[in-house]
Undergrad: 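Have a look at this one.
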Amino acid sequence: MAVVFQKPKALTDATLHYCPGCTHGIIHRLVAEVLDELGIQGKTVGIASVGCSVMSYDYFDVDMVQAAHGRAPAVATGVKRANPENIVFTYQGDGDLAAIGTAETVHSAARGENITIIFVNNAIYGMTGGQMAPTTLPGQVTQTSPYGRDTNTVGFPLKVCELLSNVDGATYLERVAVNNVKNVKAAKKAIKKAFTYQTEGKGFTLIEVLSTCPTNWGLTPPNALKWLEENMIPYYPLGVYKDKFAEEETK
Amino acid sequence: MADKVLMKGNEAMAEAAIMAGCRHYLGYPITPQTEIAAYMSKRMPKVGGTFLQAESEISAINMVIGVASAGKRAMTSSSSPGISLKGEGLSYLAGCDLPAFVVNVQRGGPGLGGIQPSQADYFQATRGTSHGDYHMIVLAPNSVQEMVNLTFQGFDMADKYRMTVMLLADGTMGQMMEPVSLDMGEVKTYEKPWAVTGTNCEREHNIVNSLFLKPELLEQKNFERFERYAYIEENEAMYEEFLMDDAEVCVVAYGISARIAKNAIDAARAKGIKVGMFRPITLWPFPKKEIRAIADKVNSFISVELSMGQLIEDVKLYTECTKPCYLCNRTGGMIMTPEEVLAKIEEAVGGNK
C-alpha cells in the first residue's frame, strides 16, 4: 500500500508538549518537511530558545543547542562561524526575539549572518502563562495588561519584519500565518525559500509566522484561528518585506 | 633556549591563544583590555580565524557558547563591568558543560568604577559570577610570561574538563611589557563527540542543553559536575612559594600585588624579618592543603590585595582561622607601594609597635 502521509524524518518520535490547538506543531512540521525536502537534515543545527518552544530540541531530529532567553541568534552566529558548512536555524517566540533578544535579532541581521530565523509571533508570552508580549495588540487583554494593552502607557507592538526591512544586512524577510490551509502552504513556501537561500550562502533570512495561543488567549482552537485572522493579520500584514534576490531579478 | 620577544601582556596573551588553537575571538571593546580585540582583529584573518566584534558583552559570550557547542576553541575577553554582563553566559556554559576561555582584565568597581588596575572581582571569579551551583577554573598570572603560559594551558584545561577557564588579570598585567618566550609546544586535541556538527543522519542528535526540569535529574547533573570539580581541586591547584622555608610571616598575594609584595619581602628580609610569600596561581581551585600546612608553621598571614578584603576571606577559610590575618590593601584603581606592604609586615611581627 502506498504511503501518502508520514512524519517528516527531521522530527523525532517525541510527543509534543504543546497545548491543544496551538499552531507550534504545524510550524515544527513545516520546518521539518523543508529540511527533508532540501536533504539538509544531516547538516542542520537548530537553536532552541526560551518560551513555549524551549523543548524543540527534543522534537527536531537534528543537532540542537538550547540558548538563553533572547540569545539564540548570537549562539547561531557562533555555530555558523565555527562550521559554515552547517545549516543553522533558530526557532524563537515573540518575547524571546522581539523583547529580551531585540539586540541579538537586529545585529545578526545587520551582520548578514547566513542563518535562518523562524520567528513565531502569537502576541503573548505563552510559557509563563499569558503575559503581555512586545507583539501584543493594542487593547489586547493579557495577565499583565488586564485592562487591555494601553498604548499611552506601554507603547505599541513591534512589527519585526517592517523593522528589519530597514536593515541592509537582511536578505529575506517574510510574514506568513498558519491559520488556514492556504496560508500554511504559503508559510511552507517561505520557510523553504529561507533555507534554500541559506544553502546558497545568501545571508540572513527570517520568517515571521503568525501563530495561535488558544490557552492564553482564552479561546477555543477554532476561535483562536478566527481571532488571528481578524485581529493579527490586519495589524501584521502578511507578505514579503524584503527579498534582495527577488529585487535583483526584477531590476 | 627559545628567543624572547618584548610584548605587552594583553597582546602576548592574545598570541598565546592563537598558538593554543583558538580561531574564534568574540568580544566587545572595554578599557583596559581593548588591545586584545585590536590584536585579534589583525591576527585572526591571517590565520584563517574569526574575529567578531559583537553588539554587546552578552552577545559575545553567547557567540562563544555557539562556537564551543560546535566543538571549536573559543574565547572572549573583557573587563569587570563587561564580565558582569557575561555572567548569564558563564552560567549557561557551566550548565551545558562547554569549554571556554574568558579573560577578565580587572578594573576598579563597583558600577562603572574606573579604568585603573584592581583585583575587586575575586569574589565574582571564585564564587558567583552568575546563578547556580558551578565553578570556573580561575588562573591568576603575575607576569607577561605567565599570562602566555596560563593561556596556553587554560585552553587545554577547558577542553579537558569541559568548563570555563577564566584568566583573571588586572590592568597592570595587561598593559605592561616584558620579554616573553612563545615556545609553547604541541597543542593537545580532544575528541568532542557531544558537539553539534550535524548528525549526517548517521547518529542520534546531539543536544547542548542546561534545562533539566526533573529535579532529581538536575541534582544528579550537579553532583556529577561537582565530582569533576573535586578531581580538579585535587589535581590542578597551582601556587608558588617565595622564601617560605624559614618564614614566620606569610604574605598571600596574586597577580600584580604579588609583584609588589615581593619587593617588600626583599626589603623586610634585608631588615632581618623572616617573611615569605604564598602566591596562589589558581584562585579556583585554591591551593588549600598547601596553605593549611603553612598555617602550622608561621605566626601570621598578610593578605595583600587590590580589593576591600576578598582574598583574605579565603586565607582565613583555608587556614581555618588558626593564625591572625592582616589586610594590606588598596582599591578603586589605587596600587599599594612596597613601603606600605613593608609597614604591614613590620606591624605583623610587632616591629612598629
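Per chain, numbering begins at 1; letters A, B, ... match sequence-line order.
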Undergrad: With heavy-atom distances below 4.5 Å as the criterion, would you say the side chains of B:T199 and A:V62 are in contact?
TA: no
Undergrad: Considering only heavy atoms from C-beta outward, does the side chain of A:Y57 approach that of B:V208 to under 4.5 Å?
TA: no
Undergrad: Counting heavy-atom pairs closer than 4.5 Å to chain A, which one of B:S91, B:C201, B:C96, B:S56 comes out on top?
TA: B:C201
Undergrad: Looking only at heavy atoms, what is the nearest atom pair of A:E104 and B:S59, with distance?
TA: CG-OG, 4.1 Å
Undergrad: Check the surroundings of atom CD in B:E216: do more than 12 heavy atoms from other residues, nucleotides or ligands lie under 6.0 Å from it?
TA: yes
Undergrad: Identify which of A:H69, A:K43, A:R111 forms the greatest number of heavy-atom pairs closer than 4.5 Å to chain B.
TA: A:R111
Undergrad: Might you confirm whether atom NZ of A:K9 has over 12 heavy atoms from other residues, nucleotides or ligands at distances under 6.0 Å?
TA: no
Undergrad: When you look at NZ of B:K192, are more than 12 heavy atoms from neighbouring residues, nucleotides or ligands closer to it than 6.0 Å?
TA: yes
Undergrad: Could you go step by step and tell me if A:D63 and B:R203 meet the side-chain contact (heavy atoms from CB on, under 4.5 Å) rule?
TA: CA-CA 10 Å; A:D63 279 357; B:R203 59 160 168 80; 2.7 Å; yes
Undergrad: Under 4.5 Å heavy-atom distance to chain A, tell me which part of B:L52 shows up: side chain, backbone, both or neither.
TA: side chain
Undergrad: Report, as yes or no, whether the 6.0 Å neighbourhood of atom OH on B:Y28 holds more than 12 heavy atoms from other residues, nucleotides or ligands.
TA: no
Undergrad: With only heavy atoms counted, which part of B:A68 is less than 4.5 Å from chain A, the side chain, the backbone, both or neither?
TA: neither
Undergrad: Apply side-chain contact (heavy atoms from CB on, under 4.5 Å) to B:H205 and A:T12, showing your working.
TA: CA-CA 10 Å; B:H205 65 152; A:T12 65; 4.0 Å; yes
Undergrad: Considering residues, nucleotides and ligands other than A:K189, do more than 12 of their heavy atoms fall under 6.0 Å from its NZ?
TA: no
Undergrad: In terms of heavy-atom pairs under 4.5 Å with chain A, which of B:L211, B:T50, B:N62, B:V67 leads?
TA: B:N62
Undergrad: Is there a side-chain contact between B:I207 and A:D58 in this structure, where contact means two heavy atoms from C-beta onward sitting under 4.5 Å apart?
TA: yes
Undergrad: Is it true that atom CD1 of B:I115 has more than 12 heavy atoms of other residues, nucleotides or ligands lying nearer than 6.0 Å?
TA: no
Undergrad: For A:N86, which atoms come within 4.5 Å of any heavy atom of chain B: side chain, backbone, both, or neither?
TA: side chain
Undergrad: Is A:T77 in contact with chain B via its backbone, its side chain, both, or neither, using a 4.5 Å heavy-atom distance?
TA: side chain
Undergrad: Report yes if some heavy atom in the side chain of B:L26 is under 4.5 Å from a heavy atom in the side chain of A:R81; otherwise report no.
TA: no
Undergrad: Let me know if A:A67 has heavy atoms under 4.5 Å from chain B in its side chain, its backbone, both or neither.
TA: backbone
Undergrad: Using side-chain heavy atoms (C-beta onward) and a distance below 4.5 Å, is B:I58 in contact with A:R71?
TA: yes
Undergrad: Could you go through the side-chain contact (heavy atoms from CB on, under 4.5 Å) check for A:V106 and B:E55 one step at a time?
TA: CA-CA 9 Å; A:V106 172; B:E55 66 273 19; over 6 Å; no
Undergrad: Hey, does A:M55 have a side-chain heavy atom less than 4.5 Å from the side chain of B:N209?
TA: no
Undergrad: Looking at B:E204, I want to see if its CD is surrounded by more than 12 non-hydrogen atoms of other residues, nucleotides or ligands under 6.0 Å.
TA: no
Undergrad: Grab the two heavy atoms, one from A:N83 and one from B:T197, that are nearest each other, plus how far apart they are.
TA: ND2-CG2, 3.8 Å
Undergrad: Under the side chain to side chain contact (heavy atoms under 4.5 Å, CB included) rule, collect the residues that match up with B:L112, sequence neighbours excluded.
TA: B:R107
